[in-house]
Amino acid sequence: MSDFKDKVYKVLRTVPKGKVVTYGQLAAMAGSPKASRAIGLFMKTNPDAPRTPCHRVVGSDGKLIGYSGKNGVPGKMQMLKEEGVKFKGDKVDLEKSQWRQN
DNA sequence: AAAATGACGGTGT
DNA sequence: TACACCGCCATTT
């Protein structure tokens, strides 16, 4: 497996409940700030579904995209709400729920 | 090995 | 503000 991919999952697993990260941010932490596209690809593949909270990954504007889960994006939004993530209409309130290492 | 694909992001119109 | 296009990266066929 590529180190990049492993790194992405590692970081993603570090994201606490009730917080979210953007694809770009996640990519940056993994070592490639512009690999946001690849990140989504990993989420789709998602070999570690149960241990990888891919539902905590949102777009740069906090908009929910993707999610191959059971209920799709709507279910993802619901799940995040349950975890305590604040929402702004159909998007996540990044000002309050975006995860920050620092 | 080369080309196509995709759960993105930013910029332009 | 909304839609379209281009650029980036890693995976898959």
Side-chain angles (χ1 to χ4, degrees):
Chain A
M1 311 302 285
S2 300
D3 294 336
F4 179 64
K5 189 174 157 195
D6 185 50
K7 194 92 174 273
V8 172
Y9 290 131
K10 189 173 182 179
V11 176
L12 185 52
R13 272 178 292 156
T14 317
V15 180
K17 170 171 148 287
K19 294 284 179 179
V20 297
V21 284
T22 64
Y23 286 92
Q25 189 182 352
L26 190 58
M29 290 192 243
S32 300
K34 308 202 169 190
S36 53
R37 222 134 178 185
I39 302 294
L41 193 61
F42 300 156
M43 301 303 99
K44 181 178 65 170
T45 309
N46 197 8
D48 300 300
R51 89 176 193 182
T52 305
C54 52
H55 59 268
R56 291 187 192 151
V57 187
V58 298
S60 59
D61 285 332
K63 60 179 189 175
L64 278 52
I65 44 198
Y67 197 62
S68 304
K70 200 172 182 184
N71 298 307
V73 176
K76 178 175 174 177
M77 175 169 60
Q78 185 66 55
M79 195 183 318
L80 289 174
K81 280 184 176 178
E82 290 297 306
E83 294 191 346
V85 176
K86 304 284 176 58
F87 270 78
K88 219 173 211 184
D90 58 329
K91 298 186 218 130
V92 175
D93 187 345
L94 293 177
E95 296 298 307
K96 298 177 181 175
S97 303
Q98 179 170 37
W99 179 57
R100 299 173 183 182
Q101 268 186 323
N102 310 307

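Numbers restart at 1 for each chain; the letters A, B, ... are given by sequence-line order, proteins then strands.
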**Q.** Minimum-distance pair of heavy atoms, taken over all atoms of A:Met29 and A:Val11
**A.** SD-CG1, 3.6 Å
(Q) If hydrophobic clusters are built by linking Ile, Leu, Val, Met, Phe, Trp and Tyr wherever their side-chain heavy atoms come under 4.5 Å apart, do A:Leu94 and A:Val73 end up in the same one? (A) yes
Q. So do A:Met43 and A:Val8 actually touch side chain to side chain, heavy atoms under 4.5 Å?
A. yes
Q) With a 4.0 Å cut-off on heavy atoms, is A:Ala35 in touch with a base, just the backbone sugar-phosphate, or nothing at all? A) sugar-phosphate
**Q.** Heavy-atom donor-acceptor pair, A:Tyr9 side chain to A:Arg51 backbone, under 3.5 Å
**A.** no
**Q.** Pairs involving residues 15-37 of chain A, ordered by first then second residue, that meet ring-ring contact (aromatic ring centres under 6.0 Å, His included) (sequence neighbours left out)
**A.** none
Q: Name all residues meeting the side chain to side chain contact (heavy atoms under 4.5 Å, CB included) criterion together with A:Ala35; count only those two or more places apart in sequence or in a different chain, and write none if there are none.
A: A:Phe4, A:Ala27, A:Ser32, A:Ala38
If you restrict it to nitrogen or oxygen atoms, what contacts under 3.5 Å exist between nucleotides 9-13 of chain B and the protein, and what is each distance?
{"residue": "B:dG9", "atom": "OP1", "partner": "A:Ser60", "partner atom": "N", "Å": "3.1"}
{"residue": "B:dG9", "atom": "OP2", "partner": "A:Ser60", "partner atom": "N", "Å": "3.0"}

**Q.** Residues touching DNA chain C, which here means a heavy atom under 4.0 Å, drawn from residues 2-19 of chain A
**A.** A:Ser2, A:Phe4
**Q.** Distance in Å, A:Phe87 CZ paired with A:Ser97 OG, rounded so as to fall on 0.5 Å steps
**A.** 8.0 Å
**Q.** Rounded interatomic separation in angstrom, taking NZ from A:Lys44 and P from B:dG6
**A.** 6 Å
Q | Residue pairs involving residues 52-83 of chain A (criterion ring-ring contact (aromatic ring centres under 6.0 Å, His included); sequence neighbours excluded) | A | none
(Q) Once rounded to the nearest 0.5 Å, what's the spacing between atom NZ of A:Lys7 and atom CG of A:Leu26? (A) 11.0 Å
Q: Would you check if the side chain of A:Thr22 reaches a backbone N or O of A:Gln25 as a donor-acceptor pair within less than 3.5 Å?
A: yes
Q) Looking at residues 78-90 of chain A, who's got a heavy atom less than 4.0 Å off DNA chain B? A) none
**Q.** Sequence-distant partners of A:Val15, side chain to side chain contact (heavy atoms under 4.5 Å, CB included), two or more places apart
**A.** A:Leu12, A:Lys19, A:Val21, A:Arg56, A:Trp99
Q) Which parts of residues 66-75 of chain A get close to DNA chain B, meaning a heavy atom less than 4.0 angstrom away? A) A:Gly66, A:Tyr67, A:Ser68
Could you pull out all donor-acceptor pairs under 3.5 Å where a side-chain atom in residues 75-82 of chain A meets a protein atom, sequence neighbours excluded?
{"residue": "A:Lys76", "atom": "NZ", "partner": "A:Val57", "partner atom": "O", "Å": "2.7"}
{"residue": "A:Lys76", "atom": "NZ", "partner": "A:Ile65", "partner atom": "O", "Å": "3.4"}

Q) Hey, where on DNA chain C does chain A first and last touch, going 5' to 3'? Cut-off is any atom under 4.0 Å from a heavy atom. A) C:dG7 to C:dT11
Q: Using a 4.5 Å cut-off on heavy atoms from C-beta on, say whether the side chain of A:Leu64 contacts that of A:Asp90.
A: no
Q: For A:Asp93, enumerate each residue passing the side chain to side chain contact (heavy atoms under 4.5 Å, CB included) test, keeping only those at least two apart in sequence or located in another chain.
A: A:Lys86, A:Lys88, A:Glu95, A:Lys96
